[in-house]
Protein chains: 2
Amino acid sequence: MEYFPAPLEKLTEQFARLPGIGGKSAQRLAFFVLGLPQEEAEEFANAILDAKRNVTTCPVCQNFTAGGLCPVCASPKRDGSVVCVVASPRDVAAIERSREYNGHYHVLHGVISPMNHVGPDDIAVKPLVERVAKGDVKEVIMATNPDTEGEATAMYIARLLKPFDVKVTRLAYGIPVGGHLEFTDEATLMRALEGRREL
Amino acid sequence: MEYFPAPLEKLTEQFARLPGIGGKSAQRLAFFVLGLPQEEAEEFANAILDAKRNVTTCPVCQNFTAGGLCPVCASPKRDGSVVCVVASPRDVAAIERSREYNGHYHVLHGVISPMNHVGPDDIAVKPLVERVAKGDVKEVIMATNPDTEGEATAMYIARLLKPFDVKVTRLAYGIPVGGHLEFTDEATLMRALEGRREL
């Protein structure tokens, strides 16, 4: 790859660092950006700097916000007695899209993962405990992913919240809507059977 | 997508404009960049600006260069009497990787494509003709892609160069090394038969 000028190689390297972007894609993206009009390339660069500069985390729920409280925490229409604990702001967006949930959130920004050297102090567990300790929260819904790390994180936090007068629940497991029984793994089917409800 | 602060949405949009990056991937990339340390995010933004600022095209062959002549045109070891015409700087890199070619290049920066409103004046055809008109070039190898547009562009340029005392050749068609006859399309097989050589 010595056939391109250094600034182009550098840009390619920057793209190659992004998750899911391999060497060939990175090169294609770098060429694309190089082919953009000057203003549009500047817009791209500024969008990066702008996001870094102006996106902060909500002091209450730790979700991303453009300064101050996040829209959910600031809304008088939302029920602050229920807190849904998620791993990432993207999970907040997913739940909001369902339009079913009217409570607040707490974003952990990660899950406990000893394999990746992520401990409880590396994610936003402490602010959650402090929030619950204040006594306004009646229910905490653990909505971390249903994988090993998400489970372990949910269990760990549930244990931490034991001393407080708060109900801790977990999202239901089961077959996804629109899914096929035939292609559903055994663990999920087992959980779906366990969690069966009367019609 | 109203659940993320505006600067984050904007960054996501910028990523979504890139070729091959859908909405979900764009979001993932934006989150990744937001999670980078400040210096690294700045490095990324600067790489974009830097590439736009410092990458120019070689005045002779139109390939990308970091100012002045490109390394190939500047090298005294390369044979300037042979010019390989390609559609993009990436094709130059591909040919250079084969370590078989010792001539010069000419980068068209596109191919003629009436469907996409790209005419001969939108790509670097004129600088090529001027280069050949000077009389130092003995052979022009048309190395555009073997698809409809690449073919048409090669034909068009070959006709333009007719008046000059220059040999115009085209890359050989045939079965790719390591390929399977069984899975080779008829057009390629036909060309491979046509171009057969004595052993």
Side-chain angles (χ1 to χ4, degrees), chain A residues 1-15 17-21 24-25 27-38 40-56 63-67 70-72 88-90 92-97 109-110, chain B residues 1-15 17-21 24-25 27-38 40-56 58 63-67 70-72 88-90 92-97 109:
Chain A
M1 305 263 279
E2 52 202 288
Y3 311 108
F4 298 121
L8 182 53
E9 288 293 351
K10 242 180 161 169
L11 183 57
T12 304
E13 276 164 34
Q14 289 292 334
F15 275 116
R17 295 180 50 200
L18 300 178
I21 308 282
K24 285 260 170 184
S25 302
Q27 199 176 80
R28 198 161 49 117
L29 298 178
F31 272 82
F32 178 83
V33 169
L34 203 56
L36 287 176
Q38 182 69 30
E40 294 185 23
E42 277 171 20
E43 227 174 85
F44 193 171
N46 286 334
I48 293 174
L49 299 174
D50 236 48
K52 276 305 281 184
R53 204 178 298 123
N54 298 324
V55 177
T56 56
N63 194 4
F64 285 142
T65 170
C70 76
V72 171
S88 117
R90 271 173 291 182
V92 171
I95 296 174
E96 286 294 287
R97 257 181 257 124
H109 290 283
Chain B
M1 304 266 278
E2 52 201 288
Y3 310 108
F4 297 122
L8 182 53
E9 288 293 353
K10 240 178 162 174
L11 183 56
T12 304
E13 278 165 33
Q14 288 292 334
F15 275 115
R17 296 179 51 199
L18 300 178
I21 308 282
K24 286 261 168 183
S25 302
Q27 201 177 77
R28 196 159 51 116
L29 297 180
F31 272 82
F32 177 84
V33 169
L34 203 58
L36 287 176
Q38 183 67 34
E40 294 184 21
E42 278 172 20
E43 225 174 84
F44 193 170
N46 287 335
I48 293 173
L49 299 174
D50 236 49
K52 276 305 282 186
R53 204 177 299 123
N54 298 326
V55 177
T56 58
C58 171
N63 194 4
F64 285 141
T65 169
C70 76
V72 171
S88 117
R90 271 172 291 181
V92 172
I95 296 175
E96 286 293 289
R97 257 181 257 124
H109 290 283

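Each chain gets a letter, A, B and so on, in the order the sequences are listed, and its residues count up from 1.
- Contacts with chain B were tallied for Val33(A), Val72(A), Leu34(A); Leu34(A) has the most, counting heavy-atom pairs under 4.5 Å.
- When each of Ser88(A), Pro7(A), Ala30(A) is scored by its heavy-atom pairs under 4.5 Å with chain B, the top score falls to Pro7(A).
- Residue with the most contacts toward chain B among Ala47(A), Ser25(A), Gly35(A), Ala6(A): Ala47(A) (heavy-atom pairs, distance under 4.5 Å).
- Neither the backbone nor the side chain of Val92(B) comes within contact range of chain A; no heavy atoms are under 4.5 Å apart.
- To the nearest 0.5 Å, atom CG of residue Leu49(B) and atom CG of residue Leu49(A) are 7.5 Å apart.
- At distances below 3.5 Å, not a single donor-acceptor pair connects side-chain atoms of Lys10(A) with backbone N or O atoms of Asn46(B).
- Taking the six-membered ring where tryptophan is involved, the planes of Phe64(B) and Phe31(A) are tilted, since the angle between them lies from 30° to 60°.
- When each of Leu18(B), Leu8(B), Asp50(B) is checked for heavy-atom pairs under 4.5 Å with chain A, Leu18(B) comes out on top.
- Across all non-hydrogen atoms, the minimal contact from Pro5(A) to Val55(B) is CG-CG1, 3.9 Å.
- In this structure, chain B has heavy atoms under 4.5 Å from both the backbone and the side chain of Arg90(A).
- The shortest non-hydrogen separation linking Ala51(A) to Leu11(B) is CB-CD2, 3.8 Å.
- Partner of Glu40(B) under the side-chain hydrogen bond (donor to acceptor under 3.5 Å, both in side chains) criterion, chosen from Gln14(A), Arg17(A), Lys52(A): Arg17(A).
- Both the backbone and the side chain of Glu43(A) come within less than 4.5 Å of a heavy atom in chain B.
- Contacts between Ile21(A) and chain B at a heavy-atom distance below 4.5 Å involve the side chain alone, from C-beta outward.
- Aromatic ring orientation, Phe44(A) versus Phe15(B): perpendicular (interplanar angle above 60°, classes split at 30° and 60°).
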